[in-house]
There are 2 protein chains.
Amino acid sequence: MDLRRLRYFVAVAEARSLGKAAERLRMAQPPLSVQIRKLEAEIGAPLFHRGTRGMDLTEAGQALLARASEAMALAADGVEAARAVAAGKRGRLSVGYMFVLANAMLPRLIPELRRSVPGVDLEFAELSASTREARLLDRSVTVALCMPAINHPEIQVARIGAQPFMLAMPIRSPLARLAAVPMARLQGRPLIALPPPEQDPASSAVAALLRRHQVVMPIMSRVETVHSAMSLVLAGEGLAILPACARLGAPRGIVFRPLRDATDSLDIAVCWRRDSHSPLIGTFLKCAEKAVARM
Amino acid sequence: MDLRRLRYFVAVAEARSLGKAAERLRMAQPPLSVQIRKLEAEIGAPLFHRGTRGMDLTEAGQALLARASEAMALAADGVEAARAVAAGKRGRLSVGYMFVLANAMLPRLIPELRRSVPGVDLEFAELSASTREARLLDRSVTVALCMPAINHPEIQVARIGAQPFMLAMPIRSPLARLAAVPMARLQGRPLIALPPPEQDPASSAVAALLRRHQVVMPIMSRVETVHSAMSLVLAGEGLAILPACARLGAPRGIVFRPLRDATDSLDIAVCWRRDSHSPLIGTFLKCAEKAVARM
DNA sequence: GCCAACCCATACGTTTTCGGTATGCCAATG
DNA sequence: CATTGGCATACCGAAAACGTATGGGTTGGC
């Protein structure tokens, strides 16, 4: 079954004449006649009554006509939809984000996205440091808001901002009375740490910070997520060194203080598969930059 | 936009591999690769991610896939529907009938038709002697139950029965007391006649009958339909010579009596366009014959 | 009643497109 | 480093489609 034949068939049915239809199709009349006869041979029944005044649909032809025009419309629509998706006017964008960034960025990002790409289905998924690479690589998320960036040959990264480290502690901690905490005051205090560097690069930034200031903090617990870290801080298990934006998701009872003399920061980055060429990624990047600028 | 390309596209999308899809399509892998690339060129965007492990749909590809499979199904369905109509398993059959036959035949014919061709939409239209030819020729009815048959080079006729003439009169008429009315008793009595022979061939049969028996009946009124004829008979305007089956549609107050020595009859026939080859016509003919046999 | 106009069907040569075979390139694997 | 698996490219033969020329039938006008 060839769609070209159906196109010819519909044209002849509408023009009720081979000659008129051929003219509209910008072709000669004889090949059109041949194509119609081939179509009839394929179906096994005549589709037109041939009179001296032109061609007239048989009942079988009428039955075919309805479906044929629908099928053509659907095929054309499919092509159009594919083009629209490729152009970023329609489609689906699955956004992964790490918890630390959720409260600071999403309220600014999501409205901006909806305005920029109406007609695109948006999905959001919270990512953990351990799974974010896999989710990008298997395409279950299209882009990821990461902190810090992912380092992987297949994954492309755009740095859109940075956040300084702050100290998270219970409100009753004696250090909470200081406006800014000198690094030296951390010496010997228990630390709630994230997974080791090979699993979460944020840890290595924290480790480097402590090492540079020659501060040693015993690691009391390792937790998977920033969320858990704050829960343990609240429970009095220790202190945590977290990017500033984490404080927006912190429960009551936890306070954040700047670290004096520590200029270290953690990058905020948008990450995506190097072979994803959707224009939605570019649009997303712009929206994310705007959201960061207003943080 | 070619349906073959869409078929190939769907096959590759399902097999997630050019090689596998080529095998299923009974063709070699290289031409399939070419066709997919041509489709992508036509759309203007890649439809697959080419990895080392096979082909994977892009979002644009997914958008196309949904429509493409629907379009293919619709096209196939259209072909199937056209075949079914051509085979008489589906479609529409518009049945024209003349009023004289309605009460005698339709109650037997319609259930038989519904049993024989389930899935076919049936339509019924009452025909007058003056329009029945035109309705067949412009295809607004597919077959016509006629009495007598139509005589026209474009129209084919199958005689399926005959009905003797009877005399229709008011129940109070003195002739109504006879079990059968001799032709001679009609001499001079007023006749309610149908339209003249060139408009309604039934008239010429009646005229021939009277001529052969050398009976003259003055024509009081000409009416268009058997229906009207009976109304005038009931009103005492005159007598009518009608086929026997007309009595089934007669109002109370009219009686029918056989005409002694008159063996004339009027044919019942099924008529259709000579160029209508629908198998539904053959089926209809069988049903009509059955219905006549049980009259 | 004949001729012109119209419309569809057939025939044949040309061009385009498609499919098959051979081969190359790349990455993953052992 | 060689092998394997998968897609892409090149080239050739085959099939399909298109255009031109032409035939046959009917309608309508002179």
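Naming: A, B, ... by sequence-line order, numbering from 1 per chain.
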Next on the checklist: Could you tell me the boundaries of the chain B footprint on DNA chain C, defined by atoms under 4.0 Å from its heavy atoms?
Outcome noted: C:dC18 to C:dA28

Side chains of residues 146-156 of chain B: which donor-acceptor pairs under 3.5 Å do they make with residues two or more places apart or in other chains?
{"unit_1": "B:His152", "atom_1": "ND1", "unit_2": "B:Glu154", "atom_2": "N", "d": "2.9"}

Next on the checklist: I'd like to check the side chain to side chain donor-acceptor pair (under 3.5 Å) partners of A:Arg83; sequence neighbours left out, ordered by chain and number.
Outcome noted: none

Item to check | Residues in salt bridge (Lys or Arg N to Asp or Glu O under 4.0 Å) contact with B:Arg16, at least two apart in sequence or another chain | outcome: B:Asp56

Identify all side-chain donor-acceptor contacts of residues 25-36 of chain A below 3.5 Å with residues at least two apart in sequence or on another chain.
{"unit_1": "A:Gln35", "atom_1": "OE1", "unit_2": "A:Arg5", "atom_2": "NE", "d": "2.8"}

Next on the checklist: From CG of A:Leu6 over to P of D:dA17, roughly how many Å is that when rounded to an integer?
Outcome noted: 13 Å

Checklist outcome for this item: B:Glu154 atom CD is separated from D:dT26 atom P, nearest whole Å, by 10 Å

Checklist entry - Base, sugar-phosphate, or nothing for A:Tyr8, non-hydrogen atoms under 4.0 angstrom? => result sugar-phosphate

Next on the checklist: To the closest 0.5 Å, what do you measure between OG1 (A:Thr142) and CZ (A:Phe284)?
Outcome noted: 9.5 Å

Next on the checklist: My understanding is that only residues two or more places apart in sequence, or in another chain, count here; which of them pass side chain to side chain contact (heavy atoms under 4.5 Å, CB included) with B:Lys286?
Outcome noted: none

Next on the checklist: What does the B/S/- profile of nucleotides 3-14 of chain D look like, 5' to 3', with a 4.0 Å heavy-atom cutoff to protein?
Outcome noted: ---SBBB-----

Item to check | Results of side chain to side chain donor-acceptor pair (under 3.5 Å) for B:Asp2 - residues two or more places apart only | outcome: none

Checklist entry - side chain to side chain donor-acceptor pair (under 3.5 Å) with A:Ser228: which residues, sequence neighbours excluded? => result A:Thr225

